[in-house]
Amino acid sequence: MTAPADVIFTNAEIHTLAETDETAEAVAVRDGEIVRVDNAYEVDFLEGVETEVIDLDGRVLLPGFIDAHTHLMMVGSYLVNADLSDADSPADCVELLAELDADREWVLGYGFDESMWEESRYLTRDDLDSVSETRPVVAFREDMHTASVNSEALSRLRDEMPDEDVETKGGEPTGVIVEDAVDAIYEAIEPDAETMRELLLSAQRDAHEKGITGVHDMVRRSRAPEVYRRLELDGELSLRVRINYWSDHIDAIEEIGLQTNHGSEFVRTGGIKTFTDGSFGGRTAKLSEPYADGEGTGQWVVSPEELDELVTRADDAGLQVTAHAIGDEAIDATLDAFCETGDPGAMRHRVEHVELITDEQIERFADSGIVASVQPNFLKWAQEGGLYDARLGEERRKRTNRFRTLLDAGANLAFGSDCMPLDPLLGIHQTVNAPVEAQQLSVTEALRAYTHGAAYAGFDENRLGTVENGKKADFVVLDGSPWEHEDDIEDIGVAMTVVDGDVVFDGRND
């Protein structure tokens, strides 16, 4: 006799998002795994005396979202410091920063995007000196490659900042810093273990409220890995975490013999994370042709020679590599490095962001099996007159984020947010409603990139990413159908998030 289910989710519009997206009415779960997906009549046979039955009242149930590229510590930082993502001017940022508690040693704000402001400029030292002249004040741009600092922050850390990454005017720092100079700030404000725990738990709650059941966290010189494992041991981790360690960690990882996919049900080793170039916002992404609104073609954060050496070393050690590459020249260098390993598709080496891509590079992704790990929410900059127009010009703007072309060529496509912001439905909305045909995906294709595609990028396609028998019971339940609300997907509410069969967020009564 078949054992009864622990929980049954019924009266739902269930989309499996498998290769053929079939629909069902109910799903039964036992020991955290899906045991039947069918019509309600058939699933009812698995109801026992102790089975919990959850009536979803006609809502849409999908596999849980997996964010293939995020920084959960940063998500937590947005929540406990000044969130500048909705600011609409420098003055608005200053006001938000000034509202923080006066007893903080550092005054921190995250997520400003000057490209969306009428007064489109970076924050300056003078702006932030008006917040405080005695405490260091830092405002991080949304891309995390650019920041603005006040005089006190410069006084404390100027010696740690490379001259080429500190903007000056008339020989004096303006307060705008990029790349390695920003890293000096990150090192100075690195949280201790208890603070890190609070940040990650706050971020976990936020992720569940957005329907996220798993993340690939890009971790740099922080206590996050040890804190994740402690949270799991303490029974407080309800998010599947794949840790991608920064290249700084490779010596330690090799020494203890960690390899990609080592770990538990909730915390696994991903790969080695590295940069190649910077960002369009900071004009540091590496291009083959100059920027449309400034001199130069960007800069290497990690040179092609260093990248080649790192990729070879990691691949030999059984480690996947996730390499940040935004500009077309950086993407070329990354593909070259991966293809030198022999079989980059087998290791599922990943190019992160892939914003400005050529036709030839699209074919290389398809032929090699290298994963294009992309951020659909970046399409907010692809509108006419937006950031891409300003930095790249119209012709190159239309060649950014070509998800349609990549998918049609047969490339492996995984969606993530880079916490800009952490919101899968926003990214899916942007993709379905993208301004250029080469960027547009159907609702089903976009959802699959945030579920099965992200699972594949993390070697998890056999346990996550679809609603099928034998898979983990990780679900998101939506208040409305994305297929019926294509024009306003971003406004659809998340009614419930389920991880391992357990309800970790229930917003049905909100």
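Quick note: residue numbers are just sequence positions, from 1.
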Would you say [X]'s side chain and [Y]'s backbone share a donor-acceptor pair under 3.5 angstrom?
{"X": "Q320", "Y": "A457", "value": "yes"}
{"X": "H208", "Y": "I212", "value": "yes"}
{"X": "S115", "Y": "L387", "value": "no"}
{"X": "E486", "Y": "V432", "value": "no"}
{"X": "T260", "Y": "G270", "value": "yes"}
{"X": "Q439", "Y": "T400", "value": "yes"}

Among side-chain atoms of D127 and T124, is any donor-acceptor pair under 3.5 angstrom?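 Yes - a donor-acceptor pair under 3.5 Å links their side chains.
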
Do N244 and R350 meet the criterion of a side-chain donor-acceptor pair at a distance under 3.5 Å? no

Does any part of the side chain of [Y], heavy atoms only, come nearer than 4.5 Å to the side chain of [X], both counted from C-beta?
{"X": "D67", "Y": "Y450", "value": "yes"}
{"X": "T497", "Y": "V503", "value": "no"}
{"X": "Y245", "Y": "T269", "value": "yes"}
{"X": "V476", "Y": "T213", "value": "no"}
{"X": "V267", "Y": "I243", "value": "yes"}

Run the side chain to side chain donor-acceptor pair (under 3.5 Å) test on R348 and N412 for me, step by step, so that the C-alpha distance in whole Å, both residues' side-chain angles and the decisive distance to 0.1 Å come before the verdict. CA-CA 9 Å; R348 302 189 192 179; N412 296 308; over 6 Å; no

For E164, does the CD atom have more than 12 heavy-atom neighbours from other residues, nucleotides or ligands under 6.0 Å away?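 More than 12 heavy atoms, drawn from other residues, nucleotides or ligands, come within 6.0 Å of this atom.
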
E198 CD: over 12 foreign heavy atoms closer than 6.0 Å: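 More than 12 heavy atoms, drawn from other residues, nucleotides or ligands, come within 6.0 Å of this atom.
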
If the threshold is 4.0 Å, N to carboxylate O, is there a salt bridge linking [X] and [Y]?
{"X": "E468", "Y": "K471", "value": "yes"}
{"X": "E142", "Y": "K380", "value": "yes"}
{"X": "R397", "Y": "E395", "value": "no"}
{"X": "R404", "Y": "E445", "value": "yes"}
{"X": "D474", "Y": "K472", "value": "no"}
{"X": "E360", "Y": "R364", "value": "no"}
{"X": "R402", "Y": "D408", "value": "no"}

Quick one: are the ring centres of [X] and [Y] less than 6.0 Å apart?
{"X": "H324", "Y": "H69", "result": "no"}
{"X": "F403", "Y": "F415", "result": "yes"}
{"X": "Y186", "Y": "F140", "result": "yes"}
{"X": "W117", "Y": "Y122", "result": "no"}

Would you kindly check if the NZ (Lys) or CZ (Arg) of R205 is within the cone defined by 45 degrees around the ring axis of F505 and under 6.0 Å from the six-membered ring centre? no

Has K273 got its NZ or CZ under 6.0 Å from the middle of the six-membered ring of F275, at an angle within 45 degrees of the ring axis? yes

Begin from the C-alpha positions of R240 and D500 and carry the test salt bridge (charged side-chain N to carboxylate O under 4.0 Å, His left out) through to its verdict. CA-CA 10 Å; R240 299 189 196 276; D500 223 36; 2.8 Å; yes

